[in-house]
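In what follows, a single structure is set out as structure tokens and then discussed.
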Amino acid sequence: MNDMRYLTFALGKGRLADKTLALFEQIGITCEEMKDKKTRKLIFVNEALRFRFFLAKGPDVPTYVEYGAADIGIVGKDTILEEGRNIYEVLDLGFGKCRMCICGPTDAKDLLQHHELIRVATKYPHIAKDYFYNKKHQTVEIIKLNGSIELAPIVGLSEVICDIVETGSTLKENGLKVLEEVCPLSARMVVNQVSMKMENERITKLISDLKKVI
Ligand code: PRP
């Protein structure tokens with residue numbers, strides 16, 4: 001009987017999970033039952049490898065990993081920065097590339113240069129706060145929204161937004177521009193701090209196998 005402990009992976013739902021599974025397949029880690037789009041199952045097992053996978057909302061992935069409910073998580077750098085959990089970030093998976101930016105109408109650029117008190121709408125209040133307070137030393141009012149952030153400067157809720165820009169088409173179609181770049185983003189692998197010690201051999205092998213195909 002195989003009594004090796006399961007290594008549990010938390011994957012951020014959606015595109016990130018699909019790309020992660022495709023990457024894992026390249027290093028021989030498969031999970032057939034997870035490919036069934038109609039399934040209502042929440043947890044999937046590869047018995048031979050003693051790996052378990054589950055899908056979670058992106059912002060919950062670092063939580064599962066910090067508490068050790070998952071040994072490993074795959075999640076965007078934006079979520080890692082926003083959640084600020086005690087976890088190890090061990091690998092840049094190289095996909096899901098985009099940028100966290102301060103955006104707005106062109107004439108809002110001036111407001112970023114003279115330390116004016118402006119309103120910043122965002123789904124990422126911690127990232128926005130860190131950027132304006134610690135990097136730019138500008139006092140701002142942060143307004144938390146849950147999506148369609150580009151609306152905020154258009155309808156007059158805020159002067160600028162702090163949001164993810166991938167292709168730039170959402171900005172373009174709404175007459176907005178990138179005014180400043182906060183940081184580059186991509187999918188990352190994160191590891192629970194205790195798991196990193198207790199399962200070091202398996203996790204180190206996984207990281208080195210992934211590095212060969214990234
Ligand atoms: C994200 C982001 C931007 C858009 C950027 O939103 O918040 O709105 O994608 O992509 P683009 O530069 O390729 O246009 P998402 O689609 O995740 O939905 P949301 O508005 O609910 O956050």
Side-chain angles (χ1 to χ4, degrees), residues 1-100 123-124 147 164-167 169 183-214:
M1 206 187 82
N2 189 347
D3 57 3
M4 203 197 320
R5 177 182 170 278
Y6 281 111
L7 213 53
T8 303
F9 293 75
L11 311 181
K13 267 186 198 167
R15 267 182 301 173
L16 219 58
D18 294 341
K19 288 199 169 163
T20 303
L21 292 177
L23 185 67
F24 279 13
E25 283 213 9
Q26 288 184 49
I27 58 165
I29 298 172
T30 52
C31 193
E32 289 309 314
E33 52 177 7
M34 212 164 171
K35 289 182 189 162
D36 175 5
K37 296 283 175 205
K38 285 184 300 214
T39 185
R40 303 291 293 169
K41 267 181 96 163
L42 295 172
I43 192 143
F44 308 91
V45 182
N46 179 321
E47 205 52 66
L49 292 169
R50 302 292 280 178
F51 285 168
R52 293 196 304 182
F53 301 88
F54 66 83
L55 298 174
K57 284 264 189 191
D60 294 339
V61 168
T63 312
Y64 284 107
V65 174
E66 183 185 88
Y67 283 90
D71 301 286
I72 293 169
I74 308 293
V75 68
K77 178 70 179 176
D78 51 317
T79 306
I80 298 172
L81 291 170
E82 184 60 26
E83 296 301 311
R85 294 279 176 182
N86 287 313
I87 49 181
Y88 293 134
E89 183 188 319
V90 296
L91 190 60
D92 184 341
L93 298 176
F95 57 79
K97 280 200 166 111
C98 49
R99 301 179 292 156
M100 184 65 72
K123 206 152 91 172
Y124 301 92
I164 291 173
V165 179
E166 193 181 349
T167 61
S169 51
C183 61
L185 305 168
S186 58
R188 309 289 162 99
M189 181 168 144
V190 294
V191 178
N192 170 270
Q193 295 184 344
V194 176
S195 306
M196 197 66 213
K197 292 187 183 73
M198 304 301 286
E199 295 291 335
N200 191 270
E201 209 172 303
R202 291 168 86 192
I203 295 173
T204 307
K205 168 145 186 358
L206 176 67
I207 296 169
S208 70
D209 286 351
L210 283 169
K211 277 185 178 163
K212 286 176 202 149
V213 297
I214 289 168

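These values consider heavy atoms only, across backbone and side chains, with no hydrogens, waters or symmetry-generated copies.
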Worksheet item: Does Cys31 offer a backbone N or O that forms a donor-acceptor pair with the side chain of Asn46 under 3.5 Å?
Response: no
Worksheet, complete the sentence: Tyr64 meets the ring pair (Phe, Tyr, Trp, His ring centres under 6.0 Å) criterion, sequence neighbours left out, with Phe54
Worksheet item: Any side-chain heavy atom of Met100 within less than 4.5 Å of one from Lys77?
Response: no
Fill in: Atom pair CE (Met34) and NZ (Lys41), whose distance is rounded to the nearest 0.5 Å
11.0 Å
Worksheet item: So, do Asp78 and Cys98 sit near enough that their side-chain heavy atoms are less than 4.5 Å apart?
Response: no
Response to the item:
d(Arg188 CZ, Ile74 CD1) to nearest 0.5 Å is 11.5 Å
Worksheet item: So which pairs with a foot in residues 56-68 pass salt bridge (charged side-chain N to carboxylate O under 4.0 Å, His left out), sequence neighbours left out?
Response: Glu66-Arg85
Worksheet item: Taking only residues two or more places apart in sequence, or in another chain, which ones meet Thr167 in a side chain to side chain contact (heavy atoms under 4.5 Å, CB included)?
Response: Ser169
Practice prompt. Could you tell me whether Lys123 and Glu82 have a side-chain N and a carboxylate O separated by less than 4.0 Å?
Written response: no
Worksheet item: Does the side chain of Asp71 come within less than 4.5 Å of Arg5's, by heavy atoms?
Response: yes
Item to complete: For the residue pair Asp209 and Ile29, establish whether any side-chain heavy-atom pair is separated by less than 4.5 Å.
Response: no
Taking only distance into account, with no hydrogens and no angle test, what donor-acceptor pairs under 3.5 Å do side-chain atoms of residues 9-25 form with protein atoms, sequence neighbours excluded?
unit_1	atom_1	unit_2	atom_2	d
Asp18	OD1	Lys37	NZ	3.4
Thr20	OG1	Leu16	O	2.6
Glu25	OE2	Lys35	NZ	2.6

Worksheet, complete the sentence: One should read off an interatomic distance between Arg99 CZ and Ile164 CD1, to the nearest 0.5 angstrom, of 12.0 Å
Worksheet item: Does some side-chain heavy atom of Ile203 sit less than 4.5 Å from a side-chain heavy atom of Leu7?
Response: yes
Discussion item. Could you measure the distance from the OG1 atom of Thr39 to the CD atom of Glu33? Nearest 0.5 Å is fine.
Written reply: 7.5 Å
Practice prompt. Quick one: closest heavy-atom pair of Ala187 and Asp92, and the distance?
Written response: O-OD1, 3.5 Å
Discussion item. Please report the interatomic distance CZ(Phe51) to CZ(Arg202), rounded to the nearest 0.5 Å.
Written reply: 5.5 Å
Worksheet item: With Asn192, which residues qualify under side chain to side chain contact (heavy atoms under 4.5 Å, CB included), at least two apart?
Response: Val65, Val194, Ser195
Item to complete: For the residue pair Met189 and Ile207, establish whether any side-chain heavy-atom pair is separated by less than 4.5 Å.
Response: yes
Item to complete: Kindly compute the distance separating CD1 (Ile27) from NZ (Lys212), expressed to the nearest 0.5 Å.
Response: 9.0 Å
Worksheet entry | Side-chain heavy atoms of Pro62 within contact of Thr79, under 4.5 Å | yes
Practice prompt. Please tell me if the side chains of Leu91 and Val191 come closer than 4.5 Å, counting only heavy atoms from C-beta onward.
Written response: no
Discussion item. Can you list everything that forms a side chain to side chain contact (heavy atoms under 4.5 Å, CB included) with Lys97? Sequence neighbours excluded, please.
Written reply: Ser186
Discussion item. For Tyr6, is there any backbone N or O sitting under 3.5 Å from a side-chain donor or acceptor partner on Arg52?
Written reply: no
Practice prompt. Answer yes or no: are there more than 12 heavy-atom neighbours, outside Tyr67 itself, under 6.0 Å from its atom OH?
Written response: no
